[in-house]
Amino acid sequence: MTDYISTLNEPQRQAVLHGDGPLIIIAGAGSGKTRVLTYRISHLIEKGVDPFRILSLTFTNKAAGEMRHRIESVVGTEARNIWMGTFHSVFAKILRIEAKALGFTSNFSIYDTDDSKSLLRSIIKEFGLDDKIYRANVVFSRISGAKNRLVGPADYLANPLIQTDDAAARMPEIGRIYKAYTMRCFQANAMDFDDLLFNTNVLFRDHLDILNKYQHKFKHVLVDEFQDTNVSQYLITRKLSAVNQNICVVGDDAQSIYAFRGANIENILNFEKDFPDVRTIKLEQNYRSTKTIVNAANSIIARNRAQLRKSVFTDNEDGTLIEVIKAASDNEEGRLIATSLFEAKMQDGLHNTDFAILYRTNAQSRAFEEALRRLNIKYRIIGGLSFYQRKEIKDLLAYLRFTVNQSDEEAFKRIINLPKRGIGDTTVAKIAVVASENQVPIWEVVSNVNKYVAGRAGIAIEAFADLIKSYQLLLDKKDAYDVAAHVAKTSGILKELYDDKTVEGLSRYENVQALLNSIKEFVDNPDNDDKSLSAFLQVVSLLTSADEKDDDGDNDKVTLMTIHGAKGLEFRNVYIVGLEEDLFPSQMMLESRADLEEERRLFYVAITRAEKKLTVSYADSRYHYGRLKVCEPSRFLMEIDPAFLKVAKTRKAEREESQELKRDTPAGGSMSFVRSLAQKTAKQQAPQPTVAHTPSSDFAPSDTSKLAEGMRVEHLKFGFGLVQKIDQNGNDRKAIIKFETAGEKTLLLSFAKLKIV
DNA sequence: GTGATTCACTTTTTT
DNA sequence: AGTGAATCAC
């Protein structure tokens, strides 16, 4: 029964067997954290704790599902009864039950980020503020940040520090906007993502009876990825476990990568203050990766000033060196990685699932997709534009949301004239004015148009109102799928897509069908006791692209995703690509030192995903906003101890090197490729006569129709090229040029950006 | 009120 | 490059 415990090492065993009382587990990368957590929960259940009384909070829906699955394989179907999910999904559920206490109804809408920003834009416009200064993005992140620190609108306005801060940023009205935003969300019976946590805090603060109920309900509270929780989340868990004191948090400060979203490593310190008799267990042995990978990762994180709380080590084999690949362009980077992947697959007999390609931003995936497709290697992209963010999906969901909740202003704005039914901005504005003059909700005006407005506009509105009313009648009789299918058919959006015979139109049509299928699945799933449309909407609002499963049946695929998305995962071979300054570390992060440390932790996370082999790559140039840009290798490359690196050269570089080796003594071997590259190239190029006719600037446009001597050119796509040369001072210089083919001659036309390497 | 065209902005990561 | 907002012609 409990034989699984014998497979654990000592600290792991102690963490699993720890009885009552607060526990903090500092778990290094690859130290078997998930195993400990699942075994601990299994153990609790075996000892007789009712699964209904265990609350386990994870960072993603996927992680929750996986953990539930693993616990189920130990203790059986009882595992289904555990309260397990993300903070957002669990507390959305509780808020749904307790909505009345806060003045909401249980069918409240959940605004996604687009809804929030759209509402903010409206408010900014209504306030007559300049939307160039008050950018919805910025305002949103300020408000979000405030909410995550539990600063409500009143506190926000009353806080002199915040006010001077906003004034300094020339946005003194943010507090007023925040207040209006909160009001409008309330009137719309809607909560945004941050509200789900903020309002839970309010609920527990103002309704002690409710708090008490849940405090006693949950005998054990467990939190995974504790380093990524924000203050708002921490306070919820602290309150919930205040009575039983059975709180177990698992985290790794070295893997904290969500500070930008309000995550607070301080939570770990606060935890020790708030629970003085806490027991701390450190898991430091890595079972995942080779020594090379573990040590390289350690050498990176050691550069951060933030105090290390542990030392991760491994007894695994040394493993192969980290390969460095240099490419001329992002497209070549794609090809080189795809080729390398293909060769590794053949040589070592691996599957596609053994590989992951990790990048800093979603936009980087393109080159790898193309290259993998060309080699017929199946891949799956995690992240990026989520299925649920597609227009056609949001449109149908908006219909469903509005059917369930007629106060939902954002859903209303989306569907009132979709498909076109002759209700333009003017009419909508008129309705809004009438509603506010009469102090009634918009739906009151829309559903009784005749009472409020006369004239032609009324007819179209009335048709719309009748449509929605007919949907509402279905809500109590039909399940989510039947309502949704009916809405899709009769609202006209399915028909509009069906009539669109373009490729995109077809795929949109299929997407809507896919959404309907997923609603069907939701309804057919015996685990869901509430099959109402309202229940479905609550779940679907909190799904992300990471939760999508691919349905083509073939599971042997290479994984492409951002490093953030890779948290908690592991792969045999990992490629970390796009290691260029300004990209990774991200330019935005270079401004403050603390944030650079977060980027470094991100790199640490990326490295520690690899089990056997790690490859890193960078390109000399890449497309950026549709423009070609010269890139420099990332400082992170130079931060890896060169002893761990092996440099893979382009064929050209290999040829050059072999010639050089005939003359040169092999001084540093493969040491520090990046640093020595410039000098090496300089050595080769120096003997050649330097071009004299461009004295002031190395790449000044000249009237010559040929490339100057001493310039190496890499042809890129679309008539662009990367030119490299060594200037008089021995510096390696690069520039993007544009070629135009005139007859047989290639003309040097213009120069883009110029940078010294 | 609708559709076409131009303009401006984006790009860090995600619940 | 690609999107969404703003502006203009009908």
Heavy-atom nearest nucleotide on DNA chain B for A/Leu602 versus A/Val428: which residue maps closer to 5'?
A/Val428
Using OP1 and OP2 only, check whether a side-chain N or O of A/Lys420 sits under 4.0 Å from B/dG3.
yes
If only side-chain N and O atoms of A/Thr426 are considered, is one of them under 4.0 Å from the OP1 or OP2 phosphate oxygen of B/dG1?
yes
Within the structure shown, what part of the strands sits under 4.0 Å from A/Asn61 by heavy-atom distance: base, sugar-phosphate, or nothing?
nothing
Nearest to the side chain of A/Thr361, heavy atoms from C-beta on, is which of B/dT13, B/dT15, B/dG1?
B/dT13
Of A/Thr562 and A/Gly422, whose closest DNA chain B nucleotide lies nearer the 5' terminus?
A/Gly422
Carboxylate-amine/guanidinium proximity below 4.0 Å for A/Asp112 and A/Lys394
yes
Using atom C1' of each nucleotide, how far apart are B/dT11 and C/dA6 to the nearest Å?
22 Å
Could you tell me how far apart A/Phe59 (CZ) and B/dT14 (P) are, to the nearest whole angstrom?
10 Å
Of A/Val433, A/Val434, A/Ile461, which meets side-chain contact (heavy atoms from CB on, under 4.5 Å) against A/Val445?
A/Val434
A/His624, nearest nucleotide to its side chain (from B/dT11, B/dT15, B/dT13):
B/dT11
Tell me: CG of A/Leu57 to P of B/dT15, nearest whole Å?
15 Å
Checking A/Asp194 against A/Ser144: is there a side-chain donor and acceptor pair closer than 3.5 Å?
yes
Is there a donor in the side chain of A/Ser118 and an acceptor in the side chain of A/Arg414, or the other way round, less than 3.5 Å apart?
no
Starting at CZ of A/Arg609 and ending at C1' of B/dT13, how long is that distance when rounded to a whole Å?
15 Å
Say whether A/Tyr234 and A/Glu266, considering side chains only, have a donor N or O and an acceptor N or O under 3.5 Å apart.
no
C/dG4 versus B/dT13 - spacing of their P atoms, nearest Å:
16 Å
If only side-chain N and O atoms count, and only distance matters, is there a donor-acceptor pair under 3.5 Å linking A/Ser541 with A/Tyr111?
no
From CD of A/Gln389 over to P of C/dT3, roughly how many Å is that when rounded to an integer?
13 Å
If the cut-off is 4.0 Å, is A/Asn362 near the phosphate of B/dT14, judged by side-chain N/O to OP1 or OP2?
yes
Check A/Ile415 against A/Tyr399 and note the closest heavy-atom contact, atom names and distance.
CG2-CD1, 3.5 Å
Among B/dT13, B/dT15, B/dG1, which is the nearest nucleotide to the side chain of A/Thr427?
B/dG1
Between A/Thr113 and B/dT14, is there a contact of a side-chain N or O with OP1 or OP2 at under 4.0 Å?
no
Would you say a side-chain N or O of A/Asn148 is under 4.0 Å from OP1 or OP2 of B/dT15?
no
Respond yes when some side-chain nitrogen or oxygen of A/Ser586 is under 4.0 Å from OP1 or OP2 of B/dT13, and no when none is.
no
Does the Lys NZ or Arg CZ of A/Lys567 fall within the cation-pi geometry relative to A/Phe59 - under 6.0 Å from the ring centre and within 45° of the axis?
yes
Spacing of A/Met191 atom CE relative to B/dT15 atom P, expressed in whole Å
20 Å
List, with names and distances, any nitrogen or oxygen atoms from the protein found under 3.5 Å away from nitrogen or oxygen atoms belonging to nucleotides 4-10 of chain B.
from   : atom 1 : to       : atom 2 : distance (Å)
B/dT10 : OP1    : A/Arg135 : NE     : 3.1
B/dT10 : OP1    : A/Arg135 : NH2    : 2.3

A/Ile382 CD1 - B/dT15 P separation (whole Å)
11 Å
With respect to the side chain of A/Arg121, which nucleotide from C/dA5, B/dT15, B/dG1 is positioned closest?
C/dA5
